[in-house]
Amino acid sequence: MLVLRRTLSTAISYAAKPLISVDLNRSPTEQLIPLHNRWHPDIPSVISVRRNDVFRIECVDWTGGQIGNNDSADDVKNVDLTRIHYLSGPIEVEGASPGDILVVDILDVGPLPSSMWGFTGIFDKKNGGGFLSDIYLNACKAIWDFSGIYATSRHIKNVRFAGLTHPGIIGCAPSHELLSRWNKREQDLINRCTHSHHQYSVFANPPIEKGACLGRLKFEENKSKWKEIATQGARTIPPREHGGNTDIKNISRGSRAYLPVYVNGAKLSLGDIHFSQGDGEIAFCGAIEMSGYVDLRVDIIKDGMSRLSINNPLIQPGPIEPRYSNYLTFQGISVDDKDKQYFLDATLAYRQACLSAIRYLKLFGYSEEQVYCLLSAAPIEGRIGSIVDIPNACCTLSLPIDIFSFDIRPQSATQIDQNIDRGQLAKTTS
């Protein structure tokens, strides 16, 4: 294990040589400092740091390089979802014990200089799906190019916005007891829902050996231990009590995360770096996914879980985010497209808000799939407006109008037709 020995007085040098670096020309399973894609307390730490150390961590994109910078969505359609979420870590924090709170300061986040692009995808319904996979069945992809803090796409014309760059995944390793609880309750959900009539065909992803990457623990070196962890290790798809795949876009520069510690050394891991993301990441492969770096500082609050009554991560967002002042806000309620009433269903209400935005922006020349990708990648704001006014929950999606190079505010039909004739609105591209 590599042990970091730096203090704040020498922090100026931390960015020159990352504590964990990645080589994008190598497979995620062949990195010089191994990565992992399961949550398990026995996955060995790859580095060690002390309280108040400042350091840089590099990460591969969440698919491990399966998606290319090209104009075909075949790679999204055929992506191997057993080979995803390769995380950098685990990072041992000296002195951290179960019951503590690990304080993680996000000092900076950005793309790797050698890879100044990212992607947004809609998964095929038969391979991954997404929030609206019953409507948008086929794979689609948008490539984004970065210029400083801004992103533009050749696949979604006339849009430019500043990114709120963040790690989609951050968390500490679970204890054996917590891991067992995760696996039991998620399997119980699968058992309850398997025969129900529902739009989703997959309700949770139980442990599976296929595609498991366990860091320093190699199958060839210890087959029995590798198989034990691979068949018990939790998949990294959902968020859980430890953090994990929260996809909170505001965990960006200047943020502080308070993470529960369940094992000695905490075993912090992170990855799934996003250049930008809309609230909900509705397309599933839906932020602007990229390879990137995160600069961190760590500290410990001893016995913090009991002293602060924290059983889930607590986030203090940073002061830096895109400042847009003009929005169009779309409303959704707990009534589906067939006029069926549901009771305080906030998920359905947000879905209806998303569909309203998609149908509206289609009027300006975009395809519905382009808008679906855009809402997942751009800095949209999702809100619960009301959760008590029975029978309807009310959710909203606020879209910043200034990210477009033309005016998307409601106009008369004549004005819209004139704009289209002048070629000022978006042109549908594949």
Side-chain angles (χ1 to χ4, degrees), residues 21-32 35 37 58-88 109-130 133 136-147 150-157 159-161 163 165-169 210-211 213 236-237 245 247 271-278 281-293 366-367 369-378 428-430:
S21 59
V22 296
D23 182 348
L24 300 184
N25 295 314
R26 288 175 174 262
S27 162
T29 60
E30 298 174 345
Q31 295 294 317
L32 296 181
L35 311 178
N37 64 359
E58 292 183 351
C59 305
V60 299
D61 81 74
W62 83 287
T63 71
Q66 295 186 63
I67 309 303
N69 185 351
N70 54 52
D71 300 326
S72 171
D74 287 348
D75 46 12
V76 174
K77 177 182 178 179
N78 300 314
V79 65
D80 185 348
L81 293 176
T82 67
R83 299 191 297 113
I84 57 170
H85 278 173
Y86 294 96
L87 305 181
S88 295
V109 191
L112 296 182
S114 62
S115 186
M116 295 296 289
W117 66 278
F119 62 90
T120 303
I122 301 172
F123 283 136
D124 190 283
K125 180 177 173 62
K126 297 178 181 179
N127 185 31
S133 60
Y136 305 108
L137 309 180
N138 301 315
C140 185
K141 182 173 75 176
I143 297 296
W144 301 87
D145 295 308
F146 308 147
S147 178
Y150 292 100
T152 57
S153 175
R154 62 183 181 268
H155 298 125
I156 305 175
K157 301 291 188 179
V159 169
R160 178 177 181 264
F161 52 82
T165 310
H166 60 278
I169 299 177
K210 183 180 179 182
C213 180
T236 56
I237 298 297
N245 193 24
D247 288 323
D272 187 24
I273 310 298
H274 299 161
F275 187 86
S276 176
Q277 179 200 297
E281 197 189 14
I282 59 174
F284 189 15
C285 184
I288 299 182
E289 310 286 348
M290 68 175 193
S291 302
Y293 68 86
Y366 293 110
S367 71
E369 288 79 8
Q370 285 176 305
V371 183
Y372 189 10
C373 284
L374 178 62
L375 296 181
S376 198
T428 300
T429 58
S430 61

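Side chain of Thr165 to main chain of Gly110: no donor-acceptor pair is present (N/O by atom type, distance under 3.5 Å, no hydrogens or angles). A donor-acceptor contact shorter than 3.5 Å links the side chain of Glu58 to the backbone of Val22. Using modelled atom types, one side-chain atom of Thr63 and one backbone atom of Gln66 make a donor-acceptor pair closer than 3.5 Å.
Looking at His166 and Gln277, their side chains come closer than 4.5 Å, going by heavy atoms from C-beta outward. Residues Asn245 and Trp62 are not in side-chain contact: their nearest non-hydrogen atoms beyond the backbone lie 4.5 Å or more apart. In this structure, the side chains of Asp71 and Arg154 come closer than 4.5 Å at one or more pairs of heavy atoms. Side-chain atoms of Phe275 and Phe146, non-hydrogen and from C-beta on, do get closer than 4.5 Å to each other. For the pair Asp272 and Asp247, the minimum side-chain heavy-atom distance is below 4.5 Å. In this structure, Val60 and Leu24 have side chains that are in contact, with non-hydrogen atoms separated by less than 4.5 Å. Counting heavy atoms from C-beta on, the side chains of Asp23 and Glu30 never come closer than 4.5 Å. Two residues are said to be in side-chain contact when any heavy atoms from C-beta on lie closer than 4.5 Å; Asn127 and Asn78 fail this criterion.
Side chains of Asn70 and Ser72: no donor on one and acceptor on the other come within 3.5 Å.
Evaluated for a side chain to side chain donor-acceptor pair (under 3.5 Å) with Trp144, the options Asn69, Thr120, Thr152 yield exactly one hit, Thr120.
Applying the ring pair (Phe, Tyr, Trp, His ring centres under 6.0 Å) test to Tyr86 and every residue at least two apart in sequence or in another chain returns nothing. Legend: residues meeting side chain to side chain contact (heavy atoms under 4.5 Å, CB included) with Thr236, ordered by chain and number and at least two apart, are Trp39, His85, Leu87.
Cys59 and Gly271 make their closest contact through SG-CA, 3.9 Å (heavy atoms, listed as atom of the first residue, atom of the second, distance). When all heavy atoms of Leu81 and Gly128 are compared, the pair lying nearest together is CD1-CA, 3.5 Å. Nearest heavy atoms, Trp117 versus Asp145: CB-OD1, 4.1 Å. Closest of all the heavy-atom pairs between Cys140 and Val76 is O-CG1, 4.0 Å. Nearest heavy-atom pair across Cys213 and Thr29 is SG-CG2, 4.2 Å. Between Asn37 and Gly211, the shortest heavy-atom distance links the atoms ND2-O, 2.9 Å.
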Extract all donor-acceptor atom pairs below 3.5 Å that involve side chains of residues 282-293 and protein atoms in other chains or at least two apart in sequence.
residue : atom : partner : partner atom : Å
Glu289  : OE1  : His274  : NE2          : 3.3
Ser291  : OG   : Asp61   : N            : 3.2
Tyr293  : OH   : Asp108  : OD2          : 3.1

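Tyr366 OH to Cys373 SG: the interatomic distance, rounded to the nearest 0.5 Å, is 12.5 Å.
Ion pairing between Asp75 and Lys141 holds under the 4.0 Å rule for side-chain N and carboxylate O.
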